[in-house]
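A quick write-up on the structure given underneath.
These values consider heavy atoms only, across backbone and side chains, with no hydrogens, waters or symmetry-generated copies.
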Amino acid sequence: MTTETPRIIHVDDAPPNRKRGGDLRAMLTPPAVGATSGFMGVAIIEPGDRIGEHYHPYSEEFVFVVAGELEVDLDGVTRPLRPDQGLMIPIGMRHRFRNVGSTEARMVFHLGPLAPRPELGHVDTEETGAEAGPPEPAGAAS
């Protein structure tokens, strides 16, 4: 039996993070819900916008596309991503997402296991032009 209290977090209650492009909302994180094995969030990407190339040295990333037309570059190879498709990105694989459609795209992401410290969980490999945005919440990345 667990002593943890389940927490429900609404996407509007997660602060937007535009540092890497798009609007990343880290929702179920260690600080927010006491998660110990990973964290989950949603990415909201407007037409023509992108999430800059990066990789995770400690975590696999699981993505599920809810809406919109995306392209993902995986170590330089471009693949389409459409609603109701899932993708597992291995540890260390460089990746970026682009909304190539005419409507907002939404994808759910989960990363695990957690990096030893939040600042080690995400390595940017390109600038997105949004670096002046708000700081990333602790435990958050995509």
[X] [atom1] to [Y] [atom2] distance, which is reported to the nearest 0.5 Å:
X    : Y    : atom1 : atom2 : answer
M107 : Q85  : CE    : CD    : 13.0 Å
I91  : L111 : CD1   : CG    : 10.0 Å
N17  : I51  : CG    : CD1   : 9.5 Å
R82  : E71  : CZ    : CD    : 7.0 Å
Y55  : E61  : OH    : CD    : 14.5 Å
S37  : H110 : OG    : NE2   : 5.0 Å

Keeping the roles fixed (side chain from R96, backbone from R50), state whether a donor-acceptor pair exists under 3.5 Å.
no

Which atom pair, heavy atoms only, marks the closest approach of [X] to [Y]?
X    : Y   : answer
L81  : F97 : CD1-CE2, 3.9 Å
L28  : A35 : O-CB, 4.3 Å
G121 : P57 : O-CD, 3.7 Å
P47  : N99 : N-ND2, 3.3 Å
G38  : P30 : O-CD, 4.4 Å

Which residue, R20, H54, K19, forms the side-chain hydrogen bond (donor to acceptor under 3.5 Å, both in side chains) with D124?
R20

Report yes or no: do T125 and E53 form a side-chain donor-acceptor pair below 3.5 Å?
yes

Could you check whether D23 pairs with R25 (Lys NZ or Arg NE/NH1/NH2 to Asp/Glu carboxylate O, under 4.0 Å)?
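Judged by the 4.0 Å cut-off on N to carboxylate O distance, D23 and R25 do form a salt bridge.
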
Identify whether the distance between the nearest side-chain nitrogen and carboxylate oxygen of R98 and D73 falls below 4.0 Å.
yes

Go through it in stages, so that I can follow the logic: the residues are M27 and V11, the test is side-chain contact (heavy atoms from CB on, under 4.5 Å), and I'd like the CA-CA distance, side-chain angles, deciding distance and then a yes or no.
CA-CA 7 Å; M27 297 172 60; V11 67; 4.2 Å; yes

I'd like to check the side-chain hydrogen bond (donor to acceptor under 3.5 Å, both in side chains) partners of T103; sequence neighbours left out, ordered by chain and number.
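With neighbours one apart ignored, the set is empty.
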
Does any non-hydrogen side-chain atom of L74 lie less than 4.5 Å from one of L87?
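When only atoms from C-beta onward are counted, L74 and L87 do touch, with a gap below 4.5 Å.
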
Any side-chain heavy-atom pair of I89 and F62 under 4.5 Å
no

For the residue pair F109 and F39, categorise the inter-ring angle as parallel (less than 30°), tilted (30 to 60°) or perpendicular (more than 60°).
perpendicular

Would you call the rings of H122 and H56 parallel, tilted or perpendicular, where under 30° means parallel and over 60° means perpendicular?
perpendicular

Consider only side-chain heavy atoms of I, L, V, M, F, W and Y, link residues closer than 4.5 Å, and tell whether L24 and V65 are in one cluster.
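Result: yes, single cluster for both.
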
